[in-house]
Number of protein chains: 2
Amino acid sequence: MRQIQSLARGLKILDMLANAHDSISITAVATELQIDKGSASLLLQTLSNYGFAEKDMATRQYRLGPAVVRLSRSLLTKMPLRETAKPFLHQLVRETSECAHLGVLAQGKVLYIDQVESPETLRVNAEVGFTAPLHCTALGKVLLAWGAASIPEELSGYTARTIFDPEVLQMDLEKTRRRGYALDDEEFDYGVRCIASPVFDYRGKVVGALGISGPAARVRLDRIGELSDRVVAIAKALSDKMSFK
Amino acid sequence: MRQIQSLARGLKILDMLANAHDSISITAVATELQIDKGSASLLLQTLSNYGFAEKDMATRQYRLGPAVVRLSRSLLTKMPLRETAKPFLHQLVRETSECAHLGVLAQGKVLYIDQVESPETLRVNAEVGFTAPLHCTALGKVLLAWGAASIPEELSGYTARTIFDPEVLQMDLEKTRRRGYALDDEEFDYGVRCIASPVFDYRGKVVGALGISGPAARVRLDRIGELSDRVVAIAKALSDKMSFK
DNA sequence: ACTTATTGTTGTATATAGTACAACGATTTA
DNA sequence: TAAATCGTTGTACTATATACAACAATAAGT
């Protein structure tokens, strides 16, 4: 596959800047990506000129620039799934009193593209733009179970309940497909349970996943049946609406 | 100023994709940016490989990819101004019943980095990531009046009330500085009035603007005094909090 | 359905543009 | 004050991006 090296390097730098906790130095970029210090300097200058990076004049370090926010808005406002799903997310929150999420597949991970906060919890910090692994989240399992993605070779662990065995995961996915919803039972975050169901387009292809998440104390195992009924029903309603579009 | 050409081209393509209403073709990119068709193809392939662009296999056209959403989230969650301002935005909505916005300077424009919707209006579609010109928005005028940016040479018109004369604008900015808040009286959108006030950091430098906006029928001219009092007071309170950080 | 026109992709040769190296000035650390 | 580290900017060099052209695949037109 042919690539443009310098562009690829620039994009890798953007990724670095996104993953860094605070601003990072030229040399940090150069050593991390194994490129020349001078080259890194030029690349970051170019990114700055277009607003994708920003230079902190005090520390002479770089961070992400405001241009990326513009791009993100442009993408999100143009997603038909997001627009259509909005009222369904609200409905889900009303009916379950839990936080509702909408996710799609993006580069082998779940990308949270919308969220409606529960009235109970003040702030659940899984904002729009958050990405999580597929094998240990309800939204991700949905994408796996209905064939939007295939099981990744590396199943990293997050909690004691995280499924790291591919065969066990395969069984879990089959169960998921049979019952129509996926369950994340504290497999990604301690104390958090999530339930999710697939959203299909007019051809019957999975285009996203819709779900709720809440503290394990409230999303008790004996309530899963009742809650999953709501999730499945609303995901189904959304799918129907997506088909008539 | 030295630049990396191919990276610059890639970033320009991202900008094009953001501004386009729907997906665009390789040739459209090539003609717009005056580059070779083959080069454009390679650039877009590279952007795709890193998730910054996405190819619609059916139409063979490209649109923005999900990676930009991740980047945006990374930037927004790391902005101290945004975190600090959140409760003040809510307070502003509570006290005025209008939609509250938080903006910063980005590439010679105002970038809306946060928003709290009014309980009255169902959906004001100025979401996070929206950019607007400085000279005809309340947030923008604040940034101009307190020296975050200088008056652009091109003052494009949006409504009949848009100020396009630099001298008139200069006078408006002086008035703004004197009274402590900026007013956008249907200068950007017909039927919309906005009031905004500056947010300073610990050195007294403007780092952003805080304001409200609502329908002209509700934000009447005889209520400006009362409303601007709230905006000025809360922006002041936010500035104080920013200083103690 | 056939032709015609347009599109996207992939070779290949050239020369441009990105890279490495080094030296400088500016900061920060000791 | 000295030493070390960092970012920037020159300058060769060669690697790489580019233009051109040919091809395949789709779309449009007759």
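Chain letters run A, B, ... following the sequence lines, proteins first, then strands; residues in each count from 1. These figures come from a predicted structure and were not determined experimentally. Every heavy atom of this structure was used, including side-chain atoms; hydrogens, water molecules and symmetry mates were not.
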*Do the ring planes of A/Tyr158 and A/His135 sit parallel (below 30°), tilted (30 to 60°) or perpendicular (above 60°)?*
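The rings of A/Tyr158 and A/His135 sit tilted, inter-plane angle from 30° to 60°.
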*In terms of the angle between their ring planes, are B/Phe130 and B/Phe188 parallel, tilted or perpendicular, with boundaries placed at 30° and 60°?*
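B/Phe130 vs B/Phe188 ring planes: tilted.
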Using nucleotides 9-11 of chain D, report all nitrogen or oxygen pairs with the protein that are shorter than 3.5 Å.
from, atom 1, to, atom 2, distance (Å)
D/dG10, N7, B/Arg2, NH1, 3.2

*Going 5' to 3' along nucleotides 24-30 of chain C, which nucleotides have protein heavy atoms under 4.0 Å from the base (write B), which only from the sugar-phosphate (write S), and which from neither (write -)?*
---S---
With respect to the phosphate group of [N], does any side-chain polar atom (N or O) of [X] fall under 4.0 Å of OP1 or OP2?
X: B/Gln5; N: D/dT16; value: no
X: A/Ser6; N: D/dT16; value: no
X: B/Ser39; N: D/dA19; value: yes

Provide, to the nearest angstrom, the distance between the [atom1] atom belonging to [X] and the [atom2] atom belonging to [N].
X: A/Gln3; N: D/dT16; atom1: CD; atom2: P; answer: 13 Å
X: A/Ile13; N: C/dG18; atom1: CD1; atom2: P; answer: 13 Å
X: B/Leu47; N: C/dG8; atom1: CG; atom2: C1'; answer: 16 Å
X: A/Leu44; N: D/dG7; atom1: CG; atom2: P; answer: 10 Å
X: B/Gln61; N: C/dT7; atom1: CD; atom2: C1'; answer: 10 Å
X: A/Leu7; N: C/dA17; atom1: CG; atom2: C1'; answer: 15 Å
X: B/Ile35; N: D/dT16; atom1: CD1; atom2: C1'; answer: 16 Å
X: A/Lys55; N: D/dC6; atom1: NZ; atom2: C1'; answer: 11 Å

*Mark yes when over 12 heavy atoms from residues, nucleotides or ligands other than A/Lys236 sit less than 6.0 Å from its NZ; otherwise mark no.*
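12 or below, so no.
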*Flag the pair A/Lys78 and B/Asp22 as a salt bridge only when some basic side-chain nitrogen lies within less than 4.0 angstrom of an acidic carboxylate oxygen.*
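The answer is no: the pair does not qualify as a salt bridge.
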*Note: A/Asp184-A/Lys141 ion pair, threshold 4.0 Å (strictly below)*: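 No, this pair does not count.
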_Please evaluate residues A/Arg70 and B/Asp15 with respect to the criterion side-chain contact (heavy atoms from CB on, under 4.5 Å), reporting the C-alpha separation (whole Å), side-chain torsions for both, the decisive distance (0.1 Å), and the verdict._
CA-CA 9 Å; A/Arg70 266 196 59 233; B/Asp15 244 37; 3.7 Å; yes
*Give the angle between the helix axes at the two ends of the helix from C/dA5-D/dT26 to C/dA30-D/dT1, taking five base pairs at each end and rounding to 10°.*
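Comparing the first five pairs with the last five, the axes sit 50° apart.
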*Please lay out, stage by stage, how B/Val110 and B/Leu105 fare under the test side-chain contact (heavy atoms from CB on, under 4.5 Å).*
CA-CA 5 Å; B/Val110 213; B/Leu105 180 71; over 6 Å; no
_Would you compute the distance between atom NZ of A/Lys205 and atom CE of A/Met242 and round it to the nearest 0.5 angstrom?_
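These two atoms lie 10.5 Å from each other.
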_Distance in Å, A/Leu43 CG paired with B/Ile4 CD1, rounded so as to fall on 0.5 Å steps_ =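 Reported to 0.5 Å precision, the distance equals 5.0 Å.
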*For A/Ile4 and for A/Tyr62, locate the closest nucleotide of DNA chain D by heavy-atom distance; then report the residue assigned to the nucleotide nearer the 5' terminus.*
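That would be A/Tyr62.
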*Start with the C-alpha distance between A/Tyr112 and A/Val104, add both sets of side-chain angles, then the distance that settles side-chain contact (heavy atoms from CB on, under 4.5 Å), and finish with yes or no.*
CA-CA 7 Å; A/Tyr112 289 71; A/Val104 295; over 6 Å; no
*Any chance you could lay out the side-chain contact (heavy atoms from CB on, under 4.5 Å) test for A/Leu14 and B/Phe52, step after step, and finish with the verdict?*
CA-CA 11 Å; A/Leu14 287 178; B/Phe52 286 79; 3.9 Å; yes
_Of A/Leu139, A/Leu92, A/Ile113, the residue whose pairing with A/Leu102 passes side chain to side chain contact (heavy atoms under 4.5 Å, CB included)_ =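 Of the listed residues A/Leu139, A/Leu92, A/Ile113, the side chain to side chain contact (heavy atoms under 4.5 Å, CB included) partner of A/Leu102 is A/Ile113.
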*Side chain of B/Arg9: nearest nucleotide among C/dG8, D/dA19, C/dT19?*
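So the nucleotide nearest the side chain must be D/dA19.
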